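In what follows, chains carry the letters A, B, and so on, assigned in the order in which the sequence lines appear, proteins first and then strands, with residues in each chain numbered from 1. Because the structure is predicted, anything quoted here is derived from the model rather than measured.
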Number of protein chains: 2
Amino acid sequence: MHSEPVASRSADPRDSRDTRESRNGTPHLDAVSLAIIEQLQQDGRRPYAAIGKAVGLSEAAVRQRVQKLLDQGVMQIVAVTDPLTVGFRRQAMVGVTVEGDVESVADALSSMGECEYVVMTAGSFDLMVEIVCEDDDHLLEVINKRIRAVPGVRSTESFVYLKLKKQTYMWGTR
Amino acid sequence: MHSEPVASRSADPRDSRDTRESRNGTPHLDAVSLAIIEQLQQDGRRPYAAIGKAVGLSEAAVRQRVQKLLDQGVMQIVAVTDPLTVGFRRQAMVGVTVEGDVESVADALSSMGECEYVVMTAGSFDLMVEIVCEDDDHLLEVINKRIRAVPGVRSTESFVYLKLKKQTYMWGTR
DNA sequence: CCCAAGGTTTGCGGATTCCGTAGCTCTTCT
DNA sequence: AGAAGAGCTACGGAATCCGCAAACCTTGGG
């Protein structure tokens with residue numbers, strides 16, 4: 001592995017101090033924080049000292065930045081698995097079309113524990129929702145009783161998962 | 001927080017030794033390993049000793065189990081973010097219909113770096129693929145040039161992401 | 001120009017955690 | 001019964017984590 005600091009690309013030191021907020025309210029991330037995230041995408045348990053060496057920062061500075069990123073909700077460090085491997089036998093992606101306010105419907109779906117992933121989209125669906133369930137009965141209940149009962153939901157189309165082929169979080173390392 | 005061991009529900013000690021393989025080749029997970037995963041879904045950096053206290057195992061045993069889960073590919077511990085927050089301006093879910101062998105198409109798509117998530121489904125699409133790109137040009141190229149060029153791809157439909165509303169990995173804690 | 005204020009980084013020392021390993025137990029196979 | 005293998009515990013040394021005070025840098029007045 002290279003010991004060359006990843007962030008050395010950004011010659012301008014002001015990059016490291018830019019904390020402006022972008023239009024959607026999410027904090028602006030400088031090159032160093034991106035490099036830290038990239039390290040943790042490769043291994044969420046990598047020691048702070050090793051990250052510091054890679055990005056050109058002290059151990060304590062990395063620790064404080066990581067803590068802030070977690071506090072701000074920009075990043076989370078978690079274990080991820082294929083739910084099918086871990087006993088959740090039925091999963092589905094559900095496309096939802098909405099009449100009226102899309103965001104309020106999205107909020108309603110987000111509040112359901114079975115909805116792991118909710119995203120607003122452009123196209124023939126207004127929302128895409130990933131559902132994780134115990135079994136067929138559970139999945140049926142969530143889709144037909146709960147989701148379709150939300151005011152504003154016009155229609156849904158379901159895509160039941162057969163097999164997860166790929167799941168990565170490596171986009172930082174391209 | 002409770003100090004009561006989570007796994008104490010499973011009274012039968014044989015549960016802890018069951019390492020049979022299920023039909024699809026993925027290892028069987030006992031109640032203790034599930035409890036460990038659940039702990040790491042809450043906080044991927046939680047110390048082994050704390051996990052051990054929660055699941056009723058020694059620190060070393062937890063460490064060995066975690067290492068094995070990682071080696072087997074059952075679980076990965078990583079940082080996750082909303083890519084839109086981190087400079088990837090265009091994402092999309094793409095539904096793909098296939099003629100011929102679906103799995104070989106899935107493998108081809110999985111080999112593309114921009115495809116973060118590939119799943120085989122039942123329904124009007126054979127595959128759902130999540131794409132992460134830098135900008136519109138990049139997204140256009142991936143969908144129209146690369147994905148549609150894969151032998152066996154009959155058609156695609158794209159759903160460009162407007163806003164990520166929810167993203168969790170907490171199904172273990174329901 | 002100078003200084004105060006706020007935020008970030010660094011450099012510690014102590015507490016905690018990580019890590020390899022040896023020994024024990026239990027199960028399985030011959 | 002004995003051997004082999006898997007999993008767990010105990011334990012000590014190395015590495016890491018963590019809180020804190022001092023130093024540093026930038027900004028905005030006065």
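Straight-line distance from the CD1 atom of B/I51 to the C1' atom of C/dT17: 12 Å, rounded to whole Å. To the nearest angstrom, P of C/dG7 lies 18 Å from CG of A/L57. Distance CG (B/D71) to P (D/dG7): 12 Å, rounded to an integer number of Å. Distance B/L69 CG to D/dG7 P: 11 Å, rounded to the nearest Å. The CG-P distance, from B/D43 to D/dC17, rounds to 13 Å in whole Å. Between the P atom of D/dG7 and the CG atom of B/L29 lies a distance of 13 Å, rounded to the nearest Å.
Side-chain contact between A/M120 and B/Y161: absent, with no pair of heavy atoms (C-beta onward) separated by less than 4.5 Å. The shortest distance between side-chain heavy atoms of A/R45 and A/I77 does not fall below 4.5 Å. Residues B/L109 and B/L127 form a side-chain contact, since some pair of their non-hydrogen atoms from C-beta on lies under 4.5 Å apart.
Note on the helix from C/dC1-D/dG30 to C/dT30-D/dA1: terminal axis deviation equals 30°, with five pairs used at each end and the result rounded to 10°.
Using a cutoff of 4.0 Å between basic side-chain nitrogens and carboxylate oxygens, B/E59 and B/K53 are not scored as salt-bridged. With salt bridges taken as basic N to acidic carboxylate O contacts below 4.0 Å, one links B/E114 and B/R146.
At least one cation-pi condition fails for A/R90 and A/F159: the charged atom is not both under 6.0 angstrom from the six-membered ring centre and inside a 45 degree cone around its axis.
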Please list, pair by pair, any protein nitrogen or oxygen found under 3.5 Å from a nitrogen or oxygen in nucleotides 18-20 of chain C.
residue : atom : partner : partner atom : Å
C/dC18  : OP1  : A/R45   : NH1          : 3.2
C/dC18  : OP2  : B/Y48   : N            : 3.0
C/dC19  : N4   : B/E59   : OE1          : 3.4
C/dG20  : N7   : B/R63   : NH1          : 3.2
C/dG20  : O6   : B/R63   : NH2          : 3.1

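Between the side chain of A/S110 and the backbone N or O of A/A106 there is at least one donor-acceptor pair closer than 3.5 Å. Within the 3.5 Å criterion, the main-chain N or O of A/K166 finds no donor-acceptor partner in the side chain of B/E116.
At least one side-chain nitrogen or oxygen of B/K68 sits closer than 4.0 Å to the OP1 or OP2 atom of D/dG7.
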